[in-house]
Enquirer: 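I'd like to ask some things about the structure below.
Below, chains carry the letters A, B, ... as their sequence lines are ordered, and counting in each starts from 1.
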There are 2 protein chains.
Amino acid sequence: MIRKLFLTIGLMQVSAVYAQDAPIVHDAEYYILEAQLSDQWVTDDAAVDAKLAEFRRVNDGKPPNIINILIDDLGFGDMGIPELNAVRGYETPNINRFSDEGMRMVRMYTEPSCTPTRVAMMTGRLPVRMGMGDTTVDIAGFGLPRQEVTLAEVLKKAGYATSHVGKWHMGDIAESWAMNQGFDYAQHAVHQQGQLTVYHDDAIREQVSVGIQDFDPAYTLDDFFRPDASAMATVIEGETDGKIREVRMETGERWNSAKYDEMNQAFQDKTLEELRRLSAAGEPFFLQYWPMLPLDNTRTGRDGPESPNGGLYVDKMQQLDGWLGEIFAAMEELGISGNTIVVLMGDNGHFTKYSPQSGFTPMIFRGGKGDTTEGGIRVDAFIRWPEMIGADTIVNNIIHVSDLYTTLARFAGATDFVPRDRLIDGVDQSASLLFEDESKGRRDSVIVYSIDTPKAIIKDKLKLNLPAAGQNAIGADFFDIFRDTHEKYPVSTEVGAWGGQEFVRILGRHLARKEKYPDGAPATGVPYEGIENLRPETQAAVEAFMVKRASVQK
Amino acid sequence: MIRKLFLTIGLMQVSAVYAQDAPIVHDAEYYILEAQLSDQWVTDDAAVDAKLAEFRRVNDGKPPNIINILIDDLGFGDMGIPELNAVRGYETPNINRFSDEGMRMVRMYTEPSCTPTRVAMMTGRLPVRMGMGDTTVDIAGFGLPRQEVTLAEVLKKAGYATSHVGKWHMGDIAESWAMNQGFDYAQHAVHQQGQLTVYHDDAIREQVSVGIQDFDPAYTLDDFFRPDASAMATVIEGETDGKIREVRMETGERWNSAKYDEMNQAFQDKTLEELRRLSAAGEPFFLQYWPMLPLDNTRTGRDGPESPNGGLYVDKMQQLDGWLGEIFAAMEELGISGNTIVVLMGDNGHFTKYSPQSGFTPMIFRGGKGDTTEGGIRVDAFIRWPEMIGADTIVNNIIHVSDLYTTLARFAGATDFVPRDRLIDGVDQSASLLFEDESKGRRDSVIVYSIDTPKAIIKDKLKLNLPAAGQNAIGADFFDIFRDTHEKYPVSTEVGAWGGQEFVRILGRHLARKEKYPDGAPATGVPYEGIENLRPETQAAVEAFMVKRASVQK
């Protein structure tokens, strides 16, 4: 039976009853594994429950705090491995230390770009299920629907205080924003770095983005064509059901590199402030810090630390490393390192567009942000929970970013609040993480989408690039990811005839399941509606957008 | 004054006098660094001397034992980094533990293939200086000249017992062989794996090497054209000035996969035997173990450990990992771990020809064996010396494999026996290793040859692919190795106009120095002469070779 229940009785009691009553609805492949492994899973679940119960017992009956740090555009191997730091000629000492204290999830798969990864993490669902697979940069008038139940909402129902600082990037309409999606408090940018590092005046002067404003108006008719970072809404702040205001931006003010630095510093300061506030309040808390770094694009006015060897992104990553060090130190000082889970990871591979000047080029895997090769979707990913997960450990089972939704909910004792009326792609990886055991993972495959199109299927160590329409799967490129990290040498001759077909069947089951749980659409609306201090130039930009939107209905 | 002295007085006394009297002759770039850093070097040298003297004081007046393990064809990141083990889906636990106990030399540069790397390591000189830059596989009638002073000869003069087991691959004539180049005892293959894994019957049946014997003799006139592994000399054994015999191969016997396995096991057993013998004898010793693994090419008769995820080479590397574990355990048992230097490294990048079935594909760097891209010449390289070099450390200064000659001689107190009558490319890296300090390295550049042609120059983090004849250096490909490990994005537009010219000047100085110290030629001779039990089929193969050699003089 699929139903929604918001129970308020003790978590442990609910868990046993409710989980039996209405399990979470998963995609097809989950049930194939379950059919083979359910006995083991029952045993593992009992062991996980016992371990979590023991944690709560010694933690004054409370579940752990959760801090979720999501770094913007970062390839595999850029953090936490001193040997690879040396290969790159820079160091990330704080993150390396953090890595030594926690667990590396070596096969963490994200989506290929910012928005879909964040949607998968927040909803536990593939972004295609609500049409959020694309990454928009400027005013677009759509976003994450209010019907989605975010991890913040799940945790809030389980008694967590929730707060979000930094990037968000899941829509420019009010219902999509963090303070309307389960966060008690949020301060976040409305858009992303395309606006904040490319569309502004310094970037245009540096020719980072040719064509935006370096044109002779004599030859230009359409004022609505080019984006203007300063006219778009920048950073908003608000509380659930409260007023939403744009911060640190006055009417007529121009956005530039200095403003970007100021914003990033403000996010860092606010995160530390929230950490102290939430820690003092005593409730279990869920704090998200999604820095808008290391991605950056201009050098104007830079006076921060610079890597002697890295490019611009590496400079920024080293700055970020220092900032994360501050956060870890503050946790120590507050005495919450032990009872707080910290997840730290990248949201997708390197942004290779500015290679090599950025300092970010693919190293271990092929490709970067936007690609469905491993370089686009494999990232550095760590989880630290000192009292529960072994220090300096590694798990190598496949974990998709959506699994964090289900797994963190489990750790928080909030599994009951995961909705049962929709398909949840995230599976519960608690047992593999808590017992450092790949064989206890609950997923051995990932379907890799690019926006709304499935492009590849990974199952254990094999990866099929899905054949185009009309192409026989036997001839599709098929890779052994362990042997060939750069996806350069297809092994189709050996396994294509079996694997191609078998993988296409995986896709078939995935698509067949959509008949029961069809994909939805994103929410649409008037951009920025609900920002009470909207600047006149921003209002004008919205009106220009509305003219464009209406043009197709004339 | 350049002269040769073989002094027999106490090492410490000689050192002070002799070093001042006639320094080692280096290539031009060394003197440019020396002009800038000599004050620091004097200070560092005194500190190194003090540290080495202290070691000898507590080690009963003796310098350290040295074990030099050189693995065949291995890319960067295949050993010692658990995260990358996970990426590859296999484990090298013994080597990883070894890595934790020692120092990783992250920027160890080798030559692009087996023979030149081994020549550089043994002579401290670029292989081009005696025409040994190529890697021959079958009967060739040339090799390392007796005039070269190998590291074994240097150490022997300083009182070391010397022994070599495994690969050698520096010629098929007697004067080139290990027992005639400074090793008291040697057991080594004459050729390399081309013969031992490709030219034999199992490999031909498996079609590993199409064309060698799978032909219709009706269409074949030249019986001398194709090599036959069984007719070529295989493994020889002997002592200095003693008889040299081929071992484990009878007249009429065929070489095959089983023989290859038997040989490798015998090398391992002999290494352990030599370790015990040398350790018991009480003199400081220099033991080389150059396994002919992991490179392998056939699956016939395989019953060894197989990696569930790796290909054939990875299977073999895991076998090798176990074998190295045995050696490390034996060292513990013998109580010599503390006073023995162990160098462990690969000889060049992956042999990517059989990718990905081999399990070896480029990962962090571009290219493999034979290439002058980083993937061909960057290898995993470790040095362990528990009482002198910090555990789990990294140095990132450029080290060329020839530097091991000079550096190990220094550690052994044998610097006086490094010849002064020729140019030595290896520099003394003692200070950077002993003090874990890149700034104490004595090299910031490498000239990368392919056989006899300089192909690239690396200086600090920059690499120029040398322009072809008539090509302007401004347009040559120029890479930032830190930012772009795959050498995919030339930065010529930024630095080519400066760097191209400056790098060409480095080459110019290197070439100008050859006027004073000209390149020589390899020694030539009758193959296998001096093997006292040469088989009739081997004698016939030599005669065929001599016919070929003589053909150009008819």
Enquirer: Do B:Phe482 and A:Val314 have side-chain heavy atoms sitting under 4.5 Å apart?
Expert: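 B:Phe482 vs A:Val314: side chains apart.
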
Enquirer: Identify which part of B:Phe479 has an atom lying under 4.5 Å from any heavy atom of chain A, answering side chain, backbone, both or neither.
Expert: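 For B:Phe479, neither part sits under 4.5 Å from chain A.
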
Enquirer: Chain A: which of B:Ile81, B:Thr361, B:Leu84 shares the most heavy-atom pairs with it under 4.5 Å?
Expert: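 Going by pairs under 4.5 Å, I would pick B:Thr361.
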
Enquirer: Check each atom of A:Ile394 against the heavy atoms of chain B and say whether the ones under 4.5 Å are side chain, backbone, both or neither.
Expert: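 Just its side chain gets close to chain B.
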
Enquirer: Please check if the number of heavy atoms outside B:Glu101 that lie under 6.0 Å from its CD is greater than 12.
Expert: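 Enclosed.
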
Enquirer: Under 4.5 Å between any side-chain heavy atoms of A:Met363 and B:Met363, yes or no?
Expert: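 They are not in side-chain contact.
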
Enquirer: What part of A:Val106 gets closer than 4.5 Å to chain B, counting heavy atoms only: side chain, backbone, both or neither?
Expert: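 Contact with chain B is through the side chain of A:Val106 alone.
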
Enquirer: Checking A:Phe365 against chain B: side chain, backbone, both or neither under 4.5 Å from a heavy atom?
Expert: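 Only the side chain of A:Phe365 comes within 4.5 Å of chain B.
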
Enquirer: Quick check for you: to the nearest 0.5 Å, what is the distance between A:Arg88 atom CZ and B:Asp484 atom CG?
Expert: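 Between atom CZ of A:Arg88 and atom CG of B:Asp484 there are 8.0 Å.
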
Enquirer: As an exercise: rank B:Glu83, B:Lys488, B:Glu438 by heavy-atom pairs under 4.5 Å with chain A and give me the winner.
Expert: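 Heavy-atom pairs under 4.5 Å are most numerous for B:Glu83.
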
Enquirer: Residues in salt bridge (Lys or Arg N to Asp or Glu O under 4.0 Å) with B:Arg366, at least two apart?
Expert: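 None.
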
